[in-house]
Amino acid sequence: MGSDPVFGKWRSRLWPVHGYELKKVIPMVLMFFLVLFNYQILRDIKDALVVTSEGSGAEIIPFLKFWGVLPGAIFFVMLYMKMSNKLSKKALFYSSVMPFALFFAFFPLLYAFRHTLHPEAFADQLQSILPQGFMGLIAIFRNWTYSLFYIMSELWGSVALSLLYWGFANDTNKVSESKRFYPLFGLLGNLSLPAAGVIIIAAGQFRSVAAPDVDTWQLTLNWLMFAVVLGSLGIMALYWWMHRYVFTDSRFVNTEPKKNKKKRPHMGMIESIKYLASSKYLCLLSLLIVGYGFSINLIEVTWKNQLKLQYPDPSSYLEFMGIFTSITGIATIFMMLFVGGNVIRRFGWTVGALFTPIVLLITGTGFFICVLGGDAASGVVSLMGTTPLMMAVILGCAQNVMSKSSKYSLFDPTKEMAYIPLDEEQKVKGKAALDVVGARMGKSGGALVQQGLIIIFGTISAITPYLGGILLIIILAWCYAAFRLGGMFNKEVNASKKASDSAA
């Protein structure tokens, strides 16, 4: 009996992998899983460390992102480019992962000697001289080992995921394979979020079972750093195994000729802004990218401030972040499977592009109203068996889960689709300009605004009303840009389709 063609069609969609390809696909999925697994653990720990540390709070995050992460990223890129001229690809891969593994392996020791290493007395003197608004900047210096951990954790996402993993995947997969494998990598790799969340929750609960004289946060760090180091060693082992046993098989050697693509120009900030301003289409697209980075930065810092007020103990803070990570992973997988592609196919590009800012507008508005009007609604909230602060924490958690899952399932695909109608020069130069303007202005812009307001008003709580107003303006501008760009995108696509039909 012949095979059912309908079953075969659905099988190829759900599992587009031939039997002999499992030898390559499984380790690639495992590598992606471990990279994301480490990233989730590090992301939650870094926030718990710097936000709940002595003399610190959520106010430290904008200062760290601008004065720590940005210079750290620039330094690593310069070092990586220099090493790439001297080392083979294999040596470069190991040389990039190993420093992270060594740092995270030794960090529990740095934490154990924190009181000796941290200049707490000098930081107290600085705080007594400088205004309250400089607390975040002083906290970077006061808890410098935590700040270094935050920077290294942030860099792990950029280096291990964007640079090393996807660089490796693009080098070793044919175009025909990437179309089948890459969605599978993303879907199965994101199972690491709930897995990491479960481990983080378990580690955060050490405080309830440890002896009274045991530093439970030290114990938590020891186990979680052990998991991260094992994950890093697993990544390098899989990389070695694939070169030893997979790419020696002629079926998996990428023999496709490398096309001489037009080299992406190196564009500075001013030159990028000028180029984007010359194209209304690219200018609107840049507003989408900047709008997301700016908005999520404003909301996350405000939410983490509420989270610290509710959970001042680092272990309880981390346990809640573990729950948040697990829920985010489940929601992301659901959105990728059932929502993202269906919304774009059924309702078109414009609705897909508007989905994320509208989600942020609705959930962000509810969150800021709860934060600002919590005391006034305390009576109603108490009837629900909770407090205004806990309600703000829950709403902020829901907001972050929905915004992140909608970004992965709708914002990222529609953003990449927007490049399709452009000519080759606009794709090359436009992408280069947007990488500079979008990445820097979106992430750093929100941090700079928060820094300025914190210096003026002193704390995150004091600037929350202003952040809410700024967020509203940014999201409305984002929605306007998405709506206008949708009209231009559809017009360009229809024109290309008519030209193609006429040529046929």
message = Using only atom types and a distance under 3.5 Å, with no angle test, would you say the side chain of Trp156 pairs donor to acceptor with the backbone of Val35?
response = yes

message = Is any side-chain heavy atom of Leu164 closer than 4.5 Å to one of Val159?
response = yes

message = For a quick test of reading the model, state the closest non-hydrogen atom pair linking Trp303 to Val393 and the distance between them.
response = NE1-O, 3.0 Å

query = Roughly how far, to the nearest 0.5 Å, is CG of Leu49 from OG of Ser147?
reply = 9.5 Å

Straight-line distance of Leu471 CG to Thr302 OG1, nearest 0.5 Å = 8.5 Å

key: ring-ring contact (aromatic ring centres under 6.0 Å, His included) between Phe32 and Phe185, worked out   = CA-CA 7 Å; Phe32 193 44; Phe185 294 167; 7.2 Å; no

query = Distance from Phe368 atom CZ to Thr363 atom OG1, nearest 0.5 Å?
reply = 10.5 Å

query = Going through the checks in order, is the side chain to side chain contact (heavy atoms under 4.5 Å, CB included) test met by Asp47 and Tyr317?
reply = CA-CA 9 Å; Asp47 288 334; Tyr317 185 106; 4.0 Å; yes

Any residue meeting salt bridge (charged side-chain N to carboxylate O under 4.0 Å, His left out) with Lys46, in chain and number order, not counting sequence neighbours = Glu154

Nearest heavy atoms of Ser403 and Thr356, plus distance in Å = O-CG2, 4.5 Å

Validation: residues 449-465 side-chain donor-acceptor distances under 3.5 Å, sequence neighbours left out:
{"unit_1": "Gln450", "atom_1": "NE2", "unit_2": "Asn297", "atom_2": "O", "d": "3.3"}
{"unit_1": "Gln451", "atom_1": "OE1", "unit_2": "Trp67", "atom_2": "NE1", "d": "2.9"}
{"unit_1": "Gln451", "atom_1": "NE2", "unit_2": "Pro62", "atom_2": "O", "d": "3.2"}
{"unit_1": "Thr459", "atom_1": "OG1", "unit_2": "Ala462", "atom_2": "N", "d": "3.2"}
{"unit_1": "Ser461", "atom_1": "OG", "unit_2": "Asn305", "atom_2": "ND2", "d": "3.2"}
{"unit_1": "Thr464", "atom_1": "OG1", "unit_2": "Ile460", "atom_2": "O", "d": "2.8"}
{"unit_1": "Thr464", "atom_1": "OG1", "unit_2": "Ser461", "atom_2": "O", "d": "3.4"}

When the side chains of residues 230-240 are checked against the rest of the protein, which donor-acceptor pairs come out under 3.5 Å, sequence neighbours left out?
{"unit_1": "Ser232", "atom_1": "OG", "unit_2": "Asn38", "atom_2": "ND2", "d": "3.2"}
{"unit_1": "Ser232", "atom_1": "OG", "unit_2": "Val228", "atom_2": "O", "d": "3.0"}

key: Interatomic spacing from CD in Gln125 to CG in Leu130 - rounded to 0.5 Å   = 11.5 Å

For residues 136-146, which side-chain donor-acceptor pairs fall under 3.5 Å, sequence neighbours excluded?
{"unit_1": "Arg142", "atom_1": "NH1", "unit_2": "Asp124", "atom_2": "OD1", "d": "2.8"}
{"unit_1": "Arg142", "atom_1": "NH2", "unit_2": "Asp124", "atom_2": "OD1", "d": "3.1"}
{"unit_1": "Asn143", "atom_1": "ND2", "unit_2": "Ser53", "atom_2": "OG", "d": "3.2"}
{"unit_1": "Asn143", "atom_1": "ND2", "unit_2": "Glu54", "atom_2": "O", "d": "3.1"}
{"unit_1": "Trp144", "atom_1": "NE1", "unit_2": "Leu117", "atom_2": "O", "d": "2.9"}
{"unit_1": "Thr145", "atom_1": "OG1", "unit_2": "His118", "atom_2": "NE2", "d": "2.5"}

request  = Supply the atom-to-atom distance Ile330 CD1 to Leu191 CG, rounded to the nearest 0.5 angstrom.
outcome  = 10.0 Å

request  = Decide yes or no for Met417 and Ile344: does some side-chain heavy atom of the first lie under 4.5 Å from some side-chain heavy atom of the second?
outcome  = yes

ask   = Should Phe168 and Met242 count as side-chain neighbours, where that means a heavy-atom distance under 4.5 Å?
value = yes

key: Non-hydrogen atoms of Cys397 and Phe320 that approach each other most closely   = CB-CZ, 4.1 Å

ask   = Taking only residues at least two apart or on different chains, which pairs with a member in residues 68-81 satisfy side chain to side chain donor-acceptor pair (under 3.5 Å)?
value = none

key: CZ-CD1 distance between Phe367 and Ile394, expressed to the nearest 0.5 angstrom   = 12.0 Å

ask   = What pair of heavy atoms forms the shortest contact from Gln40 to Ala196, and how long is it?
value = CB-CB, 3.8 Å

query = Step by step, would you call Asn190 with Thr332 a side-chain hydrogen bond (donor to acceptor under 3.5 Å, both in side chains)?
reply = CA-CA 8 Å; Asn190 273 294; Thr332 298; 5.5 Å; no

inquiry  = Let's go through Ile60 and Met135 carefully: what are the C-alpha distance in whole Å and the side-chain angles of both, what is the deciding distance for side chain to side chain contact (heavy atoms under 4.5 Å, CB included) to 0.1 Å, and is it a yes or a no?
reply    = CA-CA 7 Å; Ile60 192 177; Met135 184 188 77; over 6 Å; no

request  = Starting from the C-alpha separation in whole Å, work towards a yes-or-no answer on side chain to side chain contact (heavy atoms under 4.5 Å, CB included) for Ser158 and Leu163.
outcome  = CA-CA 6 Å; Ser158 302; Leu163 188 62; over 6 Å; no

Basic-acidic side-chain contact under 4.0 Å: Lys404, Glu300 = yes

ask   = Could you go step by step and tell me if Tyr311 and Thr52 meet the side chain to side chain contact (heavy atoms under 4.5 Å, CB included) rule?
value = CA-CA 8 Å; Tyr311 299 109; Thr52 64; over 6 Å; no

ask   = Is any side-chain heavy atom of Phe134 less than 4.5 Å from a side-chain heavy atom of Leu126?
value = no

inquiry  = For Phe76, I'd like to know if atom CZ has over 12 heavy atoms of other residues, nucleotides or ligands within 6.0 Å.
reply    = yes

note = Heavy atoms of Leu410 and Gly340 approach each other most closely as CD2-O, 3.4 Å

key: Within-4.5 Å side-chain heavy-atom neighbours: Leu288 and Lys415   = no

ask   = At their closest point, which heavy atom of Phe294 faces which heavy atom of Gly446, and how far apart are they?
value = CE1-N, 3.6 Å

Donor-acceptor contacts, no H, no angles, side chain residues 89-111, under 3.5 Å, sequence neighbours left out:
{"unit_1": "Lys89", "atom_1": "NZ", "unit_2": "Asp171", "atom_2": "OD2", "d": "2.9"}
{"unit_1": "Ser95", "atom_1": "OG", "unit_2": "Ala91", "atom_2": "O", "d": "2.7"}
{"unit_1": "Ser96", "atom_1": "OG", "unit_2": "Leu92", "atom_2": "O", "d": "2.8"}

request  = Report yes if some heavy atom in the side chain of Val51 is under 4.5 Å from a heavy atom in the side chain of Leu307; otherwise report no.
outcome  = no

task = Taking the side chain as every heavy atom from C-beta outward, state whether Leu389 and Gln306 have any atom pair closer than 4.5 Å.
result = yes

request  = Answer yes or no: are there more than 12 heavy-atom neighbours, outside Trp241 itself, under 6.0 Å from its atom CH2?
outcome  = yes

query = Less than 4.5 Å apart, any side-chain heavy atom of Ile470 and any of Ile473?
reply = no

